[in-house]
Amino acid sequence: DTAPIHLGGGMVGMITAAFFSTQELYKVAIGDSGDDTPCGALYVCNGLGWRQLAANFAFLLAVSAWSLLAGLALFVPLNIMSLLRVDKSTEDAGLDFFAATREELTLRTNLGKSTKL
């Protein structure tokens with residue numbers, strides 16, 4: 001559920017900034033580049049709006065590639081070691097049931113009597 005919010009919102013924000021940013025907003029956010037300060041692709045400032053859009057797309061691709069590679073580096077070894085899933089019997093019984101049963105057993109052991117949660 002986080003991908004539509006974080007990934008989608010981040011991509012939309014990155015691209016819309018390249019379309020709608022004015023030179024003044026760019027100077028506040030990034031800094032003044034003198035005559036080469038770009039603006040959004042929909043503004044006519046110095047012809048650099050499309051260059052800013054291309055830079056934002058390149059940055060978007062770089063961040064996406066880095067995220068993909070970092071995720072693969074983390075999750076592929078975990079998957080190979082079978083650390084991403086619970087065992088089959090726990091999955092069949094239901095993880096909620098397993099967790100509640102484990103807590104109940106811990107209470108029984110610690111208190112020496114049968115106590116329901």
Side-chain angles (χ1 to χ4, degrees):
D1 292 341
T2 61
I5 295 169
H6 293 36
L7 176 68
M11 291 173 104
V12 168
M14 176 68 64
I15 299 307
T16 55
F19 276 108
F20 298 110
S21 181
T22 63
Q23 280 186 316
E24 291 77 24
L25 291 175
Y26 187 88
K27 288 176 185 177
V28 170
I30 307 298
D32 192 356
S33 300
D35 292 337
D36 289 338
T37 301
C39 63
L42 298 180
Y43 292 92
V44 177
C45 55
N46 54 8
L48 299 177
W50 295 105
R51 190 174 78 177
Q52 183 61 41
L53 182 62
N56 282 30
F57 267 115
F59 182 73
L60 184 67
L61 291 175
V63 169
S64 298
W66 182 87
S67 299
L68 176 68
L69 293 175
L72 288 174
L74 178 66
F75 289 114
V76 167
L78 289 174
N79 191 34
I80 290 171
M81 294 183 290
S82 299
L83 295 175
L84 292 179
R85 297 191 66 124
V86 296
D87 60 287
K88 182 73 172 142
S89 62
T90 303
E91 186 176 348
D92 290 341
L95 193 56
D96 293 337
F97 175 75
F98 173 75
T101 304
R102 186 174 57 191
E103 289 175 6
E104 185 177 320
L105 290 174
T106 302
L107 281 176
R108 284 183 191 167
T109 304
N110 291 341
L111 299 176
K113 59 184 176 180
S114 179
T115 306
K116 295 267 183 181
L117 292 177

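Since we're looking at a predicted model, the values are computed, not measured.
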Please set out all donor-acceptor pairs under 3.5 angstrom arising from side-chain atoms of residues 11-18, sequence neighbours excluded.
residue: Thr16; atom: OG1; partner: Val12; partner atom: O; Å: 2.8
residue: Thr16; atom: OG1; partner: Gly13; partner atom: O; Å: 3.3

From CG (Leu69) to OG (Ser64), nearest 0.5 Å: 10.5 Å

Nearest atoms (heavy-atom pairs only) where Leu72 meets Pro77: O-CD, 3.7 Å

For Leu84, all residues meeting side-chain contact (heavy atoms from CB on, under 4.5 Å), sequence neighbours excluded: Phe75, Leu78, Asn79

Joint hydrophobic cluster, Phe57 plus Leu42, side-chain heavy atoms closer than 4.5 Å: yes

Connected via hydrophobic side-chain network under 4.5 Å: Trp50 and Leu60: yes

Same apolar cluster: Leu74 and Met81, side chain cutoff 4.5 Å: yes

Only distances under 3.5 Å count here; give the side-chain donor-acceptor pairs of residues 19-28 to other protein atoms, sequence neighbours excluded, each with its distance to 0.1 Å.
residue: Thr22; atom: OG1; partner: Leu25; partner atom: N; Å: 3.2
residue: Gln23; atom: NE2; partner: Thr37; partner atom: O; Å: 2.8

